[in-house]
Amino acid sequence: MFTKAVLEATRKVPRGRITTYGEIARIIGRPKAGRAVGNALNKNPYAPIIPCHRVVKADGKISGFNKGVKAKIRILEIEGIKVEKNKVVNLKKVIYHWDS
DNA sequence: GTCGTGACTAGCC
DNA sequence: CGGCTAGCCACGA
């Protein structure tokens, strides 16, 4: 299932690192399904077991979050990720490379 | 089976 | 660099 694949991929993101919707979409085999990815996370029934807060837009901008973007940013900062204007600062340094 | 919606992305101006 | 448009996808009504 697409949704489950997204959740699984998101769950693999290590602490202190983040990924983008497009990246996940590509990993699961649907590089053009960035939208569907966000959709899956939005309605994800696994919210408690999935670090959805480690998923941001391609440019590092923070978007929706079940508990609110504010909370999402707070968590990211706790993980050691700097966020400014709802956007990740050191994006390139926190992006998680799956096939590294 | 078709339509509308949304946590997206890349391209243009 | 900021704003707008078109394309792509999965899901629920």
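Below, read A as the first sequence line, B as the second, and so on, with proteins coming before strands; counting in each chain starts at 1.
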Should A:Ile95 and A:Val13 be regarded as members of a common hydrophobic cluster, given that ILVMFWY residues are connected when their side-chain heavy atoms come within less than 4.5 Å of each other, either directly or indirectly?
-> no
Using atom CZ of A:Arg26 as one end and atom P of B:dT9 as the other, report the distance to the nearest whole Å.
-> 11 Å
What's the spacing between A:Lys85 NZ and A:Ile73 CD1 if we round to 0.5 Å?
-> 10.5 Å
Listed in order of residue number, which residues of residues 80-87 of chain A have a non-hydrogen atom at under 4.0 Å from DNA chain B?
-> none
Does the side chain of A:Ile62 reach to within under 4.5 Å of the side chain of A:Leu76, using non-hydrogen atoms?
-> yes
Salt bridge (Lys or Arg N to Asp or Glu O under 4.0 Å) between A:Glu8 and A:Arg11: does it pass, once the steps are laid out?
-> CA-CA 5 Å; A:Glu8 288 293 305; A:Arg11 194 175 53 172; 2.6 Å; yes
Shortest non-hydrogen pair, A:Phe2 vs A:Ile28, comes out as CE1-CD1, 3.2 Å
Taking the side chain as every heavy atom from C-beta outward, state whether A:Val69 and A:Ser63 have any atom pair closer than 4.5 Å.
-> no
Verify side chain to side chain contact (heavy atoms under 4.5 Å, CB included) between A:Asn66 and A:Asn42, making sure each step is shown before the conclusion.
-> CA-CA 7 Å; A:Asn66 285 318; A:Asn42 177 30; 3.8 Å; yes
Pair listing, salt bridge (Lys or Arg N to Asp or Glu O under 4.0 Å) test, anchored in residues 48-70 of chain A, at least two apart | A:Arg54-A:Glu79
So, does A:Lys72 use its side chain to make a donor-acceptor pair with the main chain of A:Asn86 at under 3.5 Å?
-> no
OG1-CD1 distance between A:Thr10 and A:Ile18, expressed to the nearest 0.5 angstrom | 12.5 Å
Where along nucleotides 7-13 of chain C does protein come under 4.0 Å, by heavy atom, of base (B) or sugar-phosphate alone (S), with - for untouched nucleotides?
-> BBBBS--
Please work out the stems of DNA chain C from pairs that are Watson-Crick or G-U wobble with both distances under 3.5 Å, keeping only runs of three or more consecutive pairs.
-> B:2-6 with C:9-13, B:8-13 with C:2-7
List in chain and number order the residues that pass salt bridge (charged side-chain N to carboxylate O under 4.0 Å, His left out) with A:Arg26, two or more places apart in sequence or in another chain; answer none if no residue qualifies.
-> A:Glu23
Expected list for residues 59-67 of chain A near DNA chain C, using heavy atoms below 4.0 Å, is none
List the steps, then state whether side chain to side chain contact (heavy atoms under 4.5 Å, CB included) holds for A:Leu41 with A:Leu7.
-> CA-CA 7 Å; A:Leu41 289 173; A:Leu7 299 174; 3.9 Å; yes
